[in-house]
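So you know, we letter chains A, B, ... as the sequences are listed, proteins then strands, and number each from 1.
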Amino acid sequence: MTLKLRTLSKHISDSVRNIVRNSWMSFAAVSAVSITLLLVGGMLALLFNVNKFATDIEQDVSVRVYIDLTTDQEQRDELQAEIQKLETVESVDFSSRDEELENVISGYGDSFDLIDEDENPLYDVFVVSTKEPKDTKETAKQIDEMPYVARVSYGDAKADRVFKVTKGIRNVGGVIIGALIFTAIFLISNTIRITIYSRGTEIEIMKLVGATNWYIRWPFIIEGALIGLFGAIVPVLIVWIGYYGAYNNITPFLSGSIYSLLSPNPFLWELTALMVGMGVMIGSLGSALSIRRFLNV
Amino acid sequence: MTLKLRTLSKHISDSVRNIVRNSWMSFAAVSAVSITLLLVGGMLALLFNVNKFATDIEQDVSVRVYIDLTTDQEQRDELQAEIQKLETVESVDFSSRDEELENVISGYGDSFDLIDEDENPLYDVFVVSTKEPKDTKETAKQIDEMPYVARVSYGDAKADRVFKVTKGIRNVGGVIIGALIFTAIFLISNTIRITIYSRGTEIEIMKLVGATNWYIRWPFIIEGALIGLFGAIVPVLIVWIGYYGAYNNITPFLSGSIYSLLSPNPFLWELTALMVGMGVMIGSLGSALSIRRFLNV
Amino acid sequence: MIKMKDVVKVYDNGITAVNGISVHIEQGEFVYVVGPSGAGKSTFIKMMYREEIPSSGKIEVTGYDVPQLKHNEIPYLRRQVGVVFQDFKLLPNLTVYENIAYAMEVLEKSPKQIQNRVMEVLSLVGLKHKARMKPAELSGGEQQRVSIARAIANMPRVLIADEPTGNLDPETSWEIMELLEQINAQGTTIIMATHNKSIVNEMRHRVIVIENGRISRDDKEGGYDFEA
Amino acid sequence: MIKMKDVVKVYDNGITAVNGISVHIEQGEFVYVVGPSGAGKSTFIKMMYREEIPSSGKIEVTGYDVPQLKHNEIPYLRRQVGVVFQDFKLLPNLTVYENIAYAMEVLEKSPKQIQNRVMEVLSLVGLKHKARMKPAELSGGEQQRVSIARAIANMPRVLIADEPTGNLDPETSWEIMELLEQINAQGTTIIMATHNKSIVNEMRHRVIVIENGRISRDDKEGGYDFEA
Ligand SMILES: Nc1ncnc2c1ncn2[C@@H]1O[C@H](COP(=O)(O)OP(=O)(O)OP(=O)(O)O)[C@@H](O)[C@H]1O
Ligand SMILES: Nc1ncnc2c1ncn2[C@@H]1O[C@H](COP(=O)(O)OP(=O)(O)OP(=O)(O)O)[C@@H](O)[C@H]1O
Ligand SMILES: [Mg+2]
Ligand SMILES: [Mg+2]
């Protein structure tokens, strides 16, 4: 397995030569890799954004702190400061009972027009966001024990439902990603296996003229890696162009909302690394494994 | 192209023989078809249920008819009958102002406990469901013009948002389905092409001993169809078992809600037909097309 | 029967394998084609059943204008011509029996007819006992004899044999030659490229000598030697 | 050099190709292996470089215990043994030059050395001008000569040639035989399966006759005829 530099460069040039000489076979293999990686890349881009979306929704679940009707301005500030001190808390926003009523009216429909402002049955509210969605419950409990707090809600039912839904989405997404990656591994290595099987006689001849197993193996492994690499180029380009297109078109609609797409910058690079990595790894490993059956001759 | 019965049966037995004799190649091709169809079948099952889910949500958008406070029982029945007569209407449910208040309290949180039943600021309501979600708007308009109606709402904002979301889901789903089917066509025919290319010399020999193009083509076409057929068996089984499993596990949770999964009975049969059809069609067509380049010798 | 006029074959790589050959071969003739390695014998022969298309010139075989043939007519030409290929060209996945049967099935003959004839030609080349084997399980000479058996199975009007005894011992070679003589006696035209000096010299027939893509000698009852 | 003891080869299909062969071949010998088609000559030869493994018996080649060889030792045996295969076994995607070079690259020789030697052996077999062609662009005899050139390129201690003149005209065959004589004179052991009666009879060497998988005759300076 120790390689002379000359032998290594020989292996590389041999593998390039094989790809060129078996051009239609290489093309078929490269395009199978491309389409598989495109599918995986596209779906991953989608699913990671769905995940982001789920996180955004979760982030939106805030704790509502209803303030005692008898509380004055100073006491309220005191409460706000105390809440802010909690490590899990991201932000605290005040919403007066008048604003609350407006919210109700606009949210539930205008049947509430009937209620005068003077009859407003609502409390002043602090809307507390936690840094991590999972801390919502605990934070709510802690705040509930503070003075001047009439009642705390984190929209129990709603939040639980949201968490359930996002968990469901994540599970389904995880299964899909797993299935996709398995499929990609299987399809790419299967294609490579078929192309290598059709070269069984060639490999036998190599053995008969005295080539060692590793001497035969290396060009095939490099060839597999190159096919994986070439196969990744087109899907990577498509994913970049497609994602930027989608990003630029969708982002304006989301501005102002709590939702946003994953920013292309680190995400697309990660995705690219994953696609290229998968292509190269599966290609070379698939080659190395498929070739075994012909080597013990 | 006219086939003697004897020749046809010869072609079939030849193609079976080829599959058996090239067993590893057939196995590789069959498993490529299987995994591709499994992906397509699984994703279709998922996406069609997502679509069903979107439809369920849309169905849930109902028209709320607020009844004049001065209306008596008889007039109300009259109005109900009139609404029921509309062709687009599926059902009309009555909800008294007391029930409405309870709804508000349970839906929005108990800040409304403060309101006495006597102070109830709400109307009696008819909740009208339309047969088709798209008729919601039109129906609301028609009802608005009837007597005794104070106001009609179909939760404009909410409904529009729901429709937007479901439309988005459907579009993404459609794109995914399209991409999947394209991928399946490409991958399956690509695999078949590679296996046939590796048999180029065989085909040339057949031509050299005087076989006509169709005589050579038929066994390959049948072989492709059989590979597609065999490749469909495992994914069809998995989809049936998996779908029944999911259906039986999820349905209890949904009972009572407006959501339900697609019933397995017609759906799985349709999915099976689609998967088998795709396998057989792509397999045979892929064969027929790939073989062309070797026939003009 | 077979007519060639000014036939030239230049391969894609620029090599002129046949460089202006004109020849007439009558129905029922037995013709040896001899010449040094790489002289163009196989190319000359391949153009008769359209494995290769001449770059220029005319070829007529059993009435077919070979170079002008439409793609869907080629199989019908090939059914008139049995070929023993220099590299055998057996179908690797079919048994010996099936290989020969395939060439007959192509003509949609009845299964009974096929079965009888396949066993008949196999016993003619002495391989009846190897009917169920795959080509890869045969020795070189056995593969060559299967190729001969397949070529004669359909009783073609023309039998083209490219080096049919190259892998056979002298004894077996003579048996095969006697078989070809018999077939020729029944009226089949035979064209045989060979390097086997003793056969050409002892079984006298017309000899066409090809050198550098040209016919350098064409003798009615010639011997092998083409040098000087 | 080469020792066989009670070697038997039964193929998977049940055919006994070699049925108890014991033989000694000394370093520097030139041995013809003759016998009818299917007698077991190729099988006998293939066991020497482990293309086939004997069902029983012992084989020793240049010090290697061939049947017991570990998988990773096989290449080193094969580098001692140059083989001209009955079916040539050229790599279809490599040019003539590359085919021969490949067999040398395997030994990790220097590019300069390889280049010189490849052109040398190509001119020895008269194919220097076809160095850039693929095997499919060669005539049968030319392919055979490339196979010969490859076998001698590494100057092996043993040269095994299975029917090396089967596709060659007599003239070229003689040239190749003279080449083999030269190589033999330099001390290389040569084992050559052949059907070529005139070569065996005129260039006298040890002759091993194989019939039905057994050695029926083994003459120091024998002639071809093996029948009664
Ligand atoms: N398919 C091909 N493509 C390119 N060149 C070819 C092809 N086939 C043959 N040639 C060249 O044409 C020439 C004649 O080849 P051909 O096979 O006709 O020779 P031959 O007389 O049959 O020789 P042999 O006795 O060795 O079989 C050779 O020089 C060969 O290199
Ligand atoms: N791979 C194989 N599998 C099964 N049987 C085989 C195999 N190779 C050869 N045989 C059988 O073994 C016997 C001897 O074959 P072998 O190739 O050794 O003959 P040979 O003496 O070289 O003949 P020829 O002169 O025709 O080349 C034959 O009957 C053949 O059918
Ligand atoms: Mg030839
Ligand atoms: Mg042999």
Would you check if the side chain of R78(D) reaches a backbone N or O of A211(A) as a donor-acceptor pair within less than 3.5 Å?
-> no

Using a distance-only test with no angle check, is there a side-chain donor-acceptor pair under 3.5 angstrom linking N22(A) and N93(D)?
-> yes

Using a strict cut-off of less than 4.0 Å between a Lys/Arg side-chain nitrogen and an Asp/Glu carboxylate oxygen, indicate whether E98(D) and R21(A) qualify as a salt bridge.
-> yes

Is it true that atom CD of Q27(D) has more than 12 heavy atoms of other residues, nucleotides or ligands lying nearer than 6.0 Å?
-> yes

If you count heavy-atom pairs under 4.5 Å between each of K134(D), R79(D), Q80(D) and chain A, which one has the most?
-> R79(D)

Heavy atoms of other groups near K167(A) NZ, more than 12 under 6.0 Å | no

Supply the atom-to-atom distance N72(D) CG to L295(A) CG, rounded to the nearest 0.5 angstrom.
-> 12.0 Å

Using a cut-off of 6.0 Å, state whether more than 12 heavy atoms not belonging to W269(A) lie near its atom CH2.
-> no

Scan T201(A), I203(A), I205(A), V209(A) and name whichever one has a side chain to side chain contact (heavy atoms under 4.5 Å, CB included) with L91(D).
-> I205(A)

Tell me, do E108(D) and K10(A) make a side-chain contact under 4.5 Å, heavy atoms counted?
-> no

Checking R199(A) against chain D: side chain, backbone, both or neither under 4.5 Å from a heavy atom?
-> neither

Mark yes when over 12 heavy atoms from residues, nucleotides or ligands other than K5(D) sit less than 6.0 Å from its NZ; otherwise mark no.
-> no

Against chain A, label E105(D) side chain, backbone, both or neither, depending on which of its atoms sit under 4.5 Å from a heavy atom there.
-> both

Is atom CZ of F27(A) surrounded by more than 12 heavy atoms (other residues, nucleotides or ligands) closer than 6.0 Å?
-> no

Given that the side chain runs from C-beta out, which part of L107(D) has a heavy atom under 4.5 Å from chain A: side chain, backbone, both or neither?
-> neither

R6(A) side chain reached by S110(D) side chain, heavy atoms, under 4.5 Å | yes

Assess whether atom CE of M133(D) is packed by more than 12 heavy atoms of other residues, nucleotides or ligands within 6.0 Å.
-> yes

